[in-house]
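Since the structure comes first, as structure tokens, the remarks are kept for the end.
Computed from a predicted model, the values in this text were never measured in an experiment.
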Amino acid sequence: MPTLKIHLEKDEFAPIERAAMELKVRVEDIAYAGLDSVMRNAKDEATIKLIQRAKSARQIGLPSWADRPHEIHAYESMA
């Protein structure tokens, strides 16, 4: 079976891990769900732009959902 490896910074992995614990799933389940969503919509213009923006943003710094000092994430404020 092929393996897909994703290299994340500690500040990127931590919020994913917290979300997985809250949802009572594995981190891999969240990654697979994200990949599933993208692949289902891969031909949509909005998804193509999302992928391009994410790629460009990752070259500059961490994504907006990554841990940053003293920052409350949108998904965490809904708890």
Side-chain angles (χ1 to χ4, degrees):
M1 177 183 293
T3 301
L4 176 65
K5 291 185 179 187
I6 301 173
H7 298 276
L8 300 173
E9 298 291 332
K10 184 174 108 176
D11 288 342
E12 292 172 302
F13 185 77
I16 298 168
E17 188 173 43
R18 287 193 305 272
M21 288 183 354
E22 185 176 313
L23 296 170
K24 296 179 176 51
V25 298
R26 298 177 309 156
V27 169
E28 294 89 338
D29 297 326
I30 291 178
Y32 190 85
L35 183 57
D36 184 57
S37 178
V38 167
M39 293 305 294
R40 286 177 185 269
N41 302 300
K43 294 184 181 184
D44 293 345
E45 189 64 31
T47 301
I48 294 167
K49 287 180 182 179
L50 174 73
I51 294 168
Q52 291 169 341
R53 278 195 310 267
K55 178 184 175 193
S56 295
R58 188 129 200 261
Q59 294 170 347
I60 297 169
L62 297 176
S64 60
W65 48 262
D67 278 351
R68 296 177 195 273
H70 310 293
E71 186 173 304
I72 297 174
H73 303 286
Y75 75 89
E76 291 176 320
S77 65
M78 296 175 6

Tell me which donor-acceptor pairs under 3.5 Å the side chains of residues 40-49 have, and how far apart each pair is, sequence neighbours excluded?
| unit_1 | atom_1 | unit_2 | atom_2 | d |
| --- | --- | --- | --- | --- |
| R40 | NE | D36 | OD1 | 3.4 |
| R40 | NE | D36 | OD2 | 2.9 |
| N41 | ND2 | S37 | O | 2.9 |
| T47 | OG1 | N41 | O | 3.1 |

Inset, instruction - Check the hydrophobic clustering (I, L, V, M, F, W, Y; side-chain heavy atoms under 4.5 Å; chains of links allowed) and say if Y32 and M39 are grouped together. - result: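 Hydrophobic grouping puts Y32 apart from M39.
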Inset, instruction - Verify the cluster assignment for V25 and I6: are they in a single hydrophobic cluster under the rule of side-chain heavy atoms below 4.5 Å apart? - result: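 Linked, V25 and I6 end up in one cluster.
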Inset, instruction - Among Ile, Leu, Val, Met, Phe, Trp and Tyr joined by side-chain contacts under 4.5 Å, find the other residues sharing a cluster with I51 and list them by chain and number. - result: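 Traced through the cluster, I51 reaches V38.
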Legend entry - Residues which pass side chain to side chain contact (heavy atoms under 4.5 Å, CB included) with E9, listed by chain and number, not counting sequence neighbours: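 For E9 the side chain to side chain contact (heavy atoms under 4.5 Å, CB included) partners, ignoring immediate neighbours, are E12, L62.
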Inset, instruction - Return the set of residues passing side chain to side chain contact (heavy atoms under 4.5 Å, CB included) with A57 (not counting sequence neighbours), or none when no residue passes. - result: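 Expected list: none.
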Legend entry - Side chains of L23 and D29 in contact at under 4.5 Å (non-hydrogen atoms):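 Side chain of L23 against side chain of D29, heavy atoms only: no contact under 4.5 Å found.
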Legend entry - Flag side-chain contact, heavy atom, 4.5 Å: E17 against L8: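 A side-chain contact is absent here, since even the closest heavy-atom pair is not under 4.5 Å.
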Legend entry - Residue pair P15 / A66: nearest heavy atoms and the distance that separates them: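 That would be CG-CA, 4.1 Å.
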Inset, instruction - To the nearest 0.5 Å, tell me how far R26 CZ sits from I16 CD1. - result: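 Rounded to the nearest 0.5 Å, the CZ-CD1 separation comes to 14.5 Å.
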